Number of protein chains: 2
Amino acid sequence: MARKTGSHSEITGPRIRDAALKLFARHGFAAVSMRQIAAEVGVQAGALYLYTPDKETLLLDLLRTHMDDLIADWVSADPGGAPVARLEAFVRFHIRFNLERADAVFLSYMELRNLGPENFAAIETLRRDYETRLETVLSEGAAAGIFALRDAKIAAYAIIAMLTGVNTWYREGGRLSRAAVGDLYWDMVRRSVAA
Amino acid sequence: MARKTGSHSEITGPRIRDAALKLFARHGFAAVSMRQIAAEVGVQAGALYLYTPDKETLLLDLLRTHMDDLIADWVSADPGGAPVARLEAFVRFHIRFNLERADAVFLSYMELRNLGPENFAAIETLRRDYETRLETVLSEGAAAGIFALRDAKIAAYAIIAMLTGVNTWYREGGRLSRAAVGDLYWDMVRRSVAA
DNA sequence: GTCTATAATCTGATAGAC
DNA sequence: GTCTATCAGATTATAGAC
C-alpha cells in the first residue's frame, strides 16, 4: 500500500537525532535553535515535537544512546583472559570508538551541564560504569603482579583522559593512520602500568 | 577627593570578567545572556558595553588572558636543566595551574567554537606554543637517551590530555591531596617515557 | 505527519537622561 | 559610569488546519 504523502515517521526520527547531534557538537546545545534542526532535516519546527517532548530530552536521548553504545560495544570487544591483552584491547577499542563518534564524544563531555539533575545523574552513572570496567582490568592485573599501580581508579581516569585526547588532534588523512595511533598509545599505556 | 557616586571603573571591569568566566563555564557561552552577567555584577546590561565592545570579545579576552598566564607561569616555573627534572616540574605545574583555574580551562576547551576564525587562530597559536614547550623537553630527553619515545609530539599531546583530565574528577577535600595527585601522575608519566 | 500561525518571552546592542 | 527605555529580531513550544 502506498504510503501517505508527507508521512515518514520511521526515517524522520533518526534524521532529527543525526542533525541535532551534528549541530549541537558544532555550535553548542544552547546556540542551536529548534528551527535550525528542523531546517537541516527539511521539516518545520513544529514537526520536531512529534519526536521529542522538548529540546533537553532530545539532548538526553543523544547522550544516553551514546553511553549505552559505548558500554555495549566494549562488552563485545572485551576479549577477557589475560589483563595485558584486555588492556591492549581497551586502548585500541576506546581510540577507535571515540574517533568514529567524535560528535557524540564531544557532546558527552561538554553538554552534560544542560541536563537537569536527575538526567545528569543518569548519564554520570553510565560513565562511571565504563570507567569501572577499565579499573577492574587494572586491579586484576595488579593483583596478579602483572601491573604495578599505586591507585587503580586514578590510573583508569588517567588512561581514559589520555586516550580521549586523541579526538582533539587526530585528523583523517594526516601523518598517522588510526592503527599507528593505536600502537603509539598502547606503547605509552603499557609502560605506564607495567610491573 | 571623593569619588563620584556610582563610578567604579577600576573594579567593575574585573568583576564583569569574573562573572562572565564563572557563568560561561557553568552554563555555556551561548546560554548566558548579557543581562545575566550584568545581574551577577550588580549593574544594568547597558553598562557592560563600557567595558567590552561585544559578547564575543568578552570571551576572547578571557581565553587570551588564560593562555597568556599559562605560558608565562610555566616559563617562570620551568627549572631548566635536566629533562627529567623539567618534566616532573611540568607535570606538577600543569595539574596545579589547571586546578586553580578550572573555569578558564573548561572554557578554553569548550568555547573556542564561539570565536570567529581569526580569534580562534590566535588562541590556537598560544595553545600550540604551550604544547611545543613540553614537546621540546621530551625531544631533548630522548636525544640524550634519558627518555624512550616513539613520537615526541604525540607523547606531549598524551601527557597534557592525561594531566588536564584531573580537572574532571578532582574535588577539594576528597580522598587525595593535590600533592598526592601530583605524585601519582608523575609516577605514571615518568614510567610512560622512561628509557 | 506536517504545516502555518501565534503566544509569551528573551536576545544583543544602542540612545540619551542623569 | 550607570540607568532606563527601546529596537528589531529570535526563542521554545503549542493550537489547529489539512
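Below, read A as the first sequence line, B as the second, and so on, with proteins coming before strands; counting in each chain starts at 1. Treat the numbers as computed from the prediction; the structure is a model and nothing was measured.
- Regarding contacts with the backbone of C/dT4, a side-chain N or O of A/Gln44 is found under 4.0 angstrom from either OP1 or OP2.
- Residue B/Arg15 contributes atom CZ, which lies 15 Å from atom P of D/dG1 at whole-angstrom precision.
- Side-chain N/O atoms of B/Asp129 and B/Thr132 include no donor and acceptor closer than 3.5 Å.
- With 3.5 Å as the limit, one finds no donor-acceptor pair spanning the side chains of B/Asn114 and B/Glu56.
- The local environment of CZ in A/Arg150 is crowded, with over 12 non-hydrogen atoms from other residues, nucleotides or ligands closer than 6.0 Å.
- At the phosphate of C/dG1, neither OP1 nor OP2 sits under 4.0 Å from any side-chain N or O atom of A/Thr12.
- Distance CG (B/Leu48) to C1' (D/dT4): 15 Å, rounded to an integer number of Å.
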Atom pairs and distances, side-chain donor-acceptor, residues 61-75 of chain B, under 3.5 Å, sequence neighbours left out:
unit_1  : atom_1 : unit_2   : atom_2 : d
B/Thr65 : OG1    : B/Asp61  : O      : 2.8
B/Asp69 : OD2    : B/Arg101 : NH1    : 2.8

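- The heavy-atom pair separating B/Ala77 from B/Ala89 by the smallest distance is O-CB, 4.5 Å.
- Judged by a 6.0 Å distance limit and a 45° cone about the ring axis, A/Arg17 is not positioned over the six-membered ring of A/Tyr51.
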I'd like to compare against my own output: the B/S/- annotation of nucleotides 11-18 of chain C with a strict under-4.0 Å heavy-atom distance to protein. BBBB----
